[in-house]
Amino acid sequence: MTENAPLPLTGIRVLEFCQTIMGPSCGLVLADLGADVIKVEPAPDGDKTRRLPGFAAGFFGAFNRNKRSLAVDLKSDRGREVVHRLAAHADVVIENYAPGTMERLGCSWETLERINPRLIFASLKGFLSGPYENRPALDEVVQFMAGLAYMTGPPGQPLRAGTSIIDIMGGSYAVIGILCALKEREATGRGQFVKSALFESTAFLMSQHMAGIAATGREPQPMPARARAWAIYETFKTRDGEHLFIGITSDNHWRAWCIHFGWEDELADPRNATNESRVAEGDRLAARIAETVRARTLAQMTAILEEIAVPFAPVARPVHLFDDPQLNHAGRLLEVELPGGPVTRLPRLPVEIGDHDFALRRQPPAVGVHTSEILAEAGFAREEIDALAAAGAIIQ
């Protein structure tokens, strides 16, 4: 771990009341950008995401680095008092509990805004205001609701995307809202309520298909059966049995391919003059490209496509990312300790801003490990902290 020069959000304090992915991913981005993110966890067991098995086993370790953990019993009066005192000096609160939970815990926007008028309160939910706003939602639920699952799977077999894309996108849109609210606070001196949502984030992804319906008068087919927009935009099998995606999406790509492989006949053929005309020839051209790729190994095709600057990608699996040269350049994989002790390498924030180093400053915290430290910084006396712990209002 390294100590950084001041990061863009240094000095911003965030209270995170979040679990699973949507809220923690928002907190992760803020933390990586330099905010002091205090993860407020339910005492005594902490965020339930710590204990999820199977597909979800990596959730906590992936989304909770660079945060401090405060473990408090929000169902107790003394626990709520602790949070209210912390909120008085916070800049941002983020929460992604089920609708009505923060109200029941006595930590709603209306309550905390009275304590701290400069507070920005970000609520990350399934839906924005409207007929659905009190429904519970999950990433997978909204992928089916908004057409993403329909567009992803083969016809008749809707399929969720292979990662929690909507949770992470909803968290990222919350970050945008929070940064806007912080900027406005500079002018107004007041905080405000910010909301992001899973369903509307998914619908935003569907904009291109909705616009396509208007442009063509036809509904789009699921991606595996979609009509071509480019003549070559698909996977091919190499001589050594690997799969390779190739996208020839411009006239320059087409010219480079034809020149390299000696396809003077195809380059001169007026049927191939533009992408739009090549689309009509797509099946014929794809069959010829498949034959060309099948005669070469993946390594050979990779070298050729890099040389002629045609977009391509081997069909990778998540396990391949650990050894990816691009991800391993300049320390872009951070060594993160997961709950229970294993260490892995995970991608850092995927942006470059000036010469800032968005490094690993804190490992994902143990439950309540920073409670005493946080309360002491907020002005709690040692005796008061011990009394709160003895009463079960906090764990330290």
Is [X] salt-bridged to [Y], cutoff N-O under 4.0 Å?
| X | Y | result |
| --- | --- | --- |
| E184 | R190 | no |
| E377 | R13 | yes |
| R278 | D269 | no |
| D45 | R51 | no |
| K125 | E95 | yes |
| R255 | D251 | no |
| D91 | R185 | yes |
| E266 | R271 | no |
| R284 | E281 | yes |
| D265 | R288 | yes |

Who clusters with [X]? Use side-chain heavy atoms, under 4.5 angstrom, across I, L, V, M, F, W and Y, and order the result by chain and number.
| X | value |
| --- | --- |
| L321 | L327, L333 |
| F55 | I21, L28, L52, F59, F63, I168 |
| I395 | V367 |

Kindly check if the number of other-residue, nucleotide or ligand heavy atoms within 6.0 Å of [atom1] ([X]) is above 12?
| X | atom1 | value |
| --- | --- | --- |
| F204 | CZ | no |
| H89 | NE2 | no |
| E352 | CD | no |
| E373 | CD | yes |
| F144 | CZ | yes |
| R382 | CZ | yes |

Please answer whether the main-chain N or O of [Y] pairs with a side-chain N or O of [X] as donor and acceptor at a distance below 3.5 Å.
| X | Y | value |
| --- | --- | --- |
| R80 | L74 | yes |
| N272 | L267 | no |
| R361 | A31 | yes |
| H209 | L148 | no |
| K237 | L244 | no |
| N64 | P365 | no |

Requested in this report: Please identify each residue that fulfils side chain to side chain donor-acceptor pair (under 3.5 Å) with E234, with sequence neighbours left out.
Outcome: R228
Out of curiosity, [X] [atom1] to [Y] [atom2], how far, rounded to the nearest 0.5 Å?
| X | Y | atom1 | atom2 | answer |
| --- | --- | --- | --- | --- |
| R239 | R296 | CZ | CZ | 9.0 Å |
| E264 | I259 | CD | CD1 | 8.5 Å |
| L7 | F358 | CG | CZ | 6.0 Å |

Requested in this report: Give the minimum heavy-atom separation between V142 and A137, together with the two atoms involved.
Outcome: CG1-CB, 4.2 Å
Report task. Please report the shortest heavy-atom distance between G171 and S25, naming the atom on each side. Result ->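 Smallest heavy-atom distance, with atoms named: CA-OG, 3.7 Å.
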Requested in this report: Under the salt bridge (charged side-chain N to carboxylate O under 4.0 Å, His left out) rule, collect the residues that match up with D355, sequence neighbours excluded.
Outcome: none
Do [X] and [Y] sit in one hydrophobic cluster, given that two such residues count as connected whenever their side-chain heavy atoms are within less than 4.5 Å of each other, even indirectly?
| X | Y | value |
| --- | --- | --- |
| F322 | L334 | no |
| M102 | L124 | no |
| I94 | L9 | yes |
| L70 | L112 | yes |
| V175 | V93 | no |

Query raised in the report: Taking the inter-plane angle between the rings of F245 and Y233 on a 0 to 90° scale, is it parallel (under 30°), tilted (30 to 60°) or perpendicular (over 60°)?
Result: perpendicular
Requested in this report: Could you tell me how the ring of W109 sits relative to the ring of F193: parallel (under 30°), tilted (30 to 60°) or perpendicular (over 60°)?
Outcome: tilted
Query raised in the report: Is there a side-chain hydrogen bond (donor to acceptor under 3.5 Å, both in side chains) between T238 and D240 once you walk through the steps?
Result: CA-CA 5 Å; T238 62; D240 48 349; 2.5 Å; yes
Query raised in the report: Just checking, is any N or O donor in the side chain of Q19 or D47 under 3.5 Å from an acceptor N or O on the other one?
Result: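 Absent: no donor and acceptor within the cut-off.
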Report task. Could you tell me whether R294 sits above the aromatic face of F236, with NZ or CZ closer than 6.0 angstrom to the six-membered ring centre and within 45 degrees of the axis? Result -> no
Query raised in the report: Can you name the residues that form a ring-ring contact (aromatic ring centres under 6.0 Å, His included) with F261, not counting sequence neighbours?
Result: W257
Query raised in the report: Would I115 and R85 satisfy side chain to side chain contact (heavy atoms under 4.5 Å, CB included), going step by step from the backbone distance to the final call?
Result: CA-CA 8 Å; I115 295 170; R85 285 175 63 176; over 6 Å; no
